[in-house]
Amino acid sequence: MNEREKVLDQYSARVFKNRKDHIVQMDKDACEVPEIAANSRSVPGIMTSRGCCYAGCKGVVLGPLQDVVVLTHGPIGCGYYSWGTRRNKAASEDGRNFIQYCFSTDLQEPDIVFGGEKKLKQAVEEIMEIFHPACIMICSTCPVGLIGDDIHAVAAWAEEKFSIKCVSYSCEGYKGVSQSAGHHIANNGLIKKVIGTGGAKPDKKFSINLLGEYNIGGDGWETERLLTEIGYEIISVFTGDGKYEKIKNAHVANLNLVQCHRSINYIAEMMKVEYGIDWMKVNFIGIDETIRSLREIAAYFDDAKMTERTEEVIAQELAEIAEDRKYYQEKLNGYTSAIFVGGSRSHHYQNLMADFGMKTIIAGYEFAHRDDYEGREVLPNIKLDADTKNIEQLSPQKDDRYYHLTISKEHFDALLGKTELEYYKGMFKDMGNGTIVVDDFNHYETEKLIDLFNPDIFYSGIKDKYMIQKTGTPSRQLHSYDYSGPYAGFQGAINFARDTYMSLSTPAWHYITPPWNTEPILEGSIGGGQNA
Ligand code: CFM
């Protein structure tokens, strides 16, 4: 039995049937890129680490917008628990930073019975009176979808009455199988109602949008610093420390950089059709990956001065971290790691760990799709199920007002295949033989894999961090960075290495005896029914 089979062995026939396709053990000789089941419903009753559709829309994509009031239409719990749980960092020059507030309509039982639209209008009126923002976004939670409040009509009313932008999102928690559905819904709303409404004309030469960068721990700021130092003009960031006022003019940029493919690829693809803007998959997590990304951006613009400046900045940044880099390479070389995060970082951070000689032996995404594992070449083979079809698929059209091409067809074709221009290779290609990949991992699988592989450190999130530490394995959060960061770019890589080395050298872990070493283990199967 290999490790994969040992994990699955505990499952009942029904659960086994579901989970077996979500767990892959890499065997490069048999198959370079295996197939994995992803973006499908979790098994009911199993402790998954996923979030809901509302979390993906309100929390992930819209939450970081500093000049937008994001109003949760629903009971207070959804608003309260989605407030401040992600480390959205924003610095506002004029003090108008709404992300420190929690806006909710606080629906009560009578509203559920008689309808909540009145309360929603009242909330919008109050927001206008107290905060007078230029843009309000309304996000529905589960009960709103069930009772059928027409939030879109209220948004239209608000636009008319207050002459503001008001965008409504039917992102009820149950809308999809995970927060991934919410990313898609948020992308749709931004492309339909915000991007391209600012009126600016494309006239800047080295202008870019940074997509899928949410400024966790200040990563966005560090990335922006590097790009600006080279000489790029950043039109907008989606959406870390982002602004409605900037995103509405995102259509003028000459290149879209995609950091998190999972959450934002829809906007990148649609902007290509509407405005002709090419997109490039970048990764500013990891030293070698940051260098690769900067060089590929330079190759795209193909300007001698910018290419020279890119190399200057790389050399300068490398010189600044040289001593620390060497120190941590010596300290971290040979350590093994496990990494379970949402839909991008489990891949990105493998590159950063490799910079310091660490090897990832367990990896998994909560909610990524097959292309995030297997690469975008798999896209034509993905069958859309009913849950996916439930989300609106837009058919964007060319916008003649702003359509602009930056590079020639010949140059574009020459870059295809050589760079990650309009391509993402996925996680599998970077994983070694014998390593294991789990889609929509749960707590049982996490525990079992620690037992089988005994990684030196386990990166994941708050839901499993303490459970992992109880096994005597150091754990660091890669959603929030345990309040540290930034981890992006050159300086960020050193911060990450420092934090990792600190965790690995904490003597506390050696004093912990996992409970199963001293207490009798309850025997049983998982999922009920017959055993496999
Ligand atoms: Fe993209 Fe993210 Fe992630 Fe994500 Fe997230 Fe996040 Fe994440 Mo937490 S947008 S997929 S929904 S990189 S909040 S900033 S850390 S699960 S791996």
Side-chain angles (χ1 to χ4, degrees), residues 38-39 48-65 81-90 99 171 173 176-187 190 210-223 237-242 257-268 281-286 289 339-352 360 363-369 371-373 424 426-427 437-441 459-465 476-488 492 496:
N39 192 31
T48 160
S49 288
R50 281 176 164 176
C52 67
C53 176
Y54 160 79
C57 182
K58 189 269 174 190
V60 173
V61 180
L62 307 177
L65 290 166
Y81 285 109
S82 56
W83 168 51
T85 49
R86 189 158 175 263
R87 284 183 75 207
N88 297 327
K89 279 172 158 303
I99 64 175
C171 57
V177 300
S178 69
Q179 51 269 61
S180 172
H183 302 152
H184 195 165
I185 291 169
N187 279 220
L190 290 173
L210 189 51
L211 269 57
E213 171 46 69
Y214 302 96
N215 200 30
I216 309 297
D219 278 353
W221 291 332
E222 182 59 11
T223 308
V237 183
F238 289 68
T239 49
D241 195 16
L257 304 180
V258 174
Q259 170 72 23
C260 170
H261 175 262
R262 181 64 270 129
S263 63
I264 210 99
N265 70 86
Y266 318 93
I267 282 181
K281 174 73 184 74
V282 291
N283 177 22
F284 292 106
I285 297 296
E289 276 290 272
I339 178 164
F340 277 166
V341 209
S344 286
R345 297 177 175 216
S346 308
H347 180 202
H348 291 157
Y349 276 83
Q350 292 190 31
N351 302 115
L352 173 46
T360 306
Y365 291 133
E366 285 173 33
F367 51 76
H369 299 199
D371 38 320
D372 303 299
Y373 294 98
Y424 175 45
M427 175 207 277
V437 178
V438 183
D439 174 71
D440 182 19
F441 52 91
Y459 301 91
S460 65
I462 191 73
K463 290 173 199 158
D464 33 12
K465 177 187 169 87
R476 291 201 61 88
Q477 296 185 64
L478 270 192
H479 300 259
S480 69
Y481 302 164
D482 282 316
Y483 324 106
S484 182
Y487 287 164
F496 175 82

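Atoms within each ligand, like the ligands themselves, are counted from 1 in listed order. What you see is a predicted model, and the numbers here were worked out from it, not measured in a lab. In what follows, residues are counted from 1 in the order of the sequence shown.
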Item to complete: Can you sort out which atoms of ligand 1 are near Phe367, meaning under 4.0 Å from one of its heavy atoms?
Response: 4 (Fe), 10 (S), 11 (S), 16 (S)

Discussion item. Less than 4.5 Å apart, side chain to side chain, heavy atoms only: is that true for His348 and Val341?
Written reply: no

Worksheet item: Which part of Ser263 is near ligand 1, with near meaning a heavy atom under 4.0 Å away: side chain, backbone, both or neither?
Response: side chain

Worksheet, complete the sentence: The protein heavy atom nearest to atom 15 (S) of ligand 1 is His479 ND1, 3.3 Å

Worksheet, complete the sentence: Between the CG atom in Leu257 and the CD1 atom in Ile264, the distance rounded to the nearest 0.5 Å is 12.5 Å

Discussion item. Quick check on His348 - does any of its heavy atoms sit under 4.0 Å from an atom of ligand 1?
Written reply: no

Item to complete: Indicate the ring-plane relationship of Phe496 and Tyr349, choosing parallel, tilted or perpendicular according to the 30° and 60° boundaries.
Response: tilted

Worksheet item: Near Cys260, which atoms of ligand 1 are under 4.0 Å from a heavy atom of that residue?
Response: 1 (Fe), 9 (S), 10 (S), 12 (S)

Discussion item. Within ligand 1, which atoms have a heavy atom of Val60 less than 4.0 Å away?
Written reply: 9 (S), 11 (S)

Worksheet item: Do any N or O atoms from the side chain of Gln259 and from the backbone of Glu213 form a donor-acceptor pair under 3.5 angstrom?
Response: no

Worksheet item: What atoms of ligand 1 come within less than 4.0 Å of a heavy atom belonging to Ile216?
Response: 14 (S)

Discussion item. Need the ligand 1 atom indices (1-based, order shown) with element for anything under 4.0 Å from a heavy-atom of Val341.
Written reply: 7 (Fe), 17 (S)

Item to complete: Keeping the roles fixed (side chain from Asp219, backbone from Pro486), state whether a donor-acceptor pair exists under 3.5 Å.
Response: no

Practice prompt. Identify the protein heavy atom lying closest to atom 9 (S) of ligand 1, giving its residue, its atom name and the separation to 0.1 Å.
Written response: Tyr214 CE1, 3.3 Å

Worksheet item: Where's the contact between Tyr365 and ligand 1, heavy-atom distance under 4.0 Å: side chain, backbone, both or neither?
Response: neither

Worksheet item: What closest approach, in Å, do Tyr266 and His369 show between heavy atoms, and which atom pair accounts for it?
Response: OH-CE1, 3.8 Å

Worksheet item: Starting from atom 6 (Fe) of ligand 1, which protein heavy atom do you reach first, and at what distance in Å?
Response: Arg86 NE, 3.9 Å

Worksheet entry | Close-contact set for ligand 1 against Gly343 heavy atoms, below 4.0 Å | 3 (Fe), 10 (S), 17 (S)

Practice prompt. Flag the pair Tyr424 / His347 as yes when their ring centroid distance falls below 6.0 Å, and as no otherwise.
Written response: yes

Discussion item. Assess, by modelled atom type and distance only, whether the side chains of Tyr373 and Asp439 contain a donor and an acceptor separated by less than 3.5 Å.
Written reply: yes

Response to the item:
Quick look: His183 vs ligand 1, heavy-atom contacts under 4.0 Å, and the answer is side chain

Discussion item. Are Leu190 and Leu62 packed together at the side-chain level, in the sense that at least one heavy-atom pair is separated by less than 4.5 angstrom?
Written reply: yes

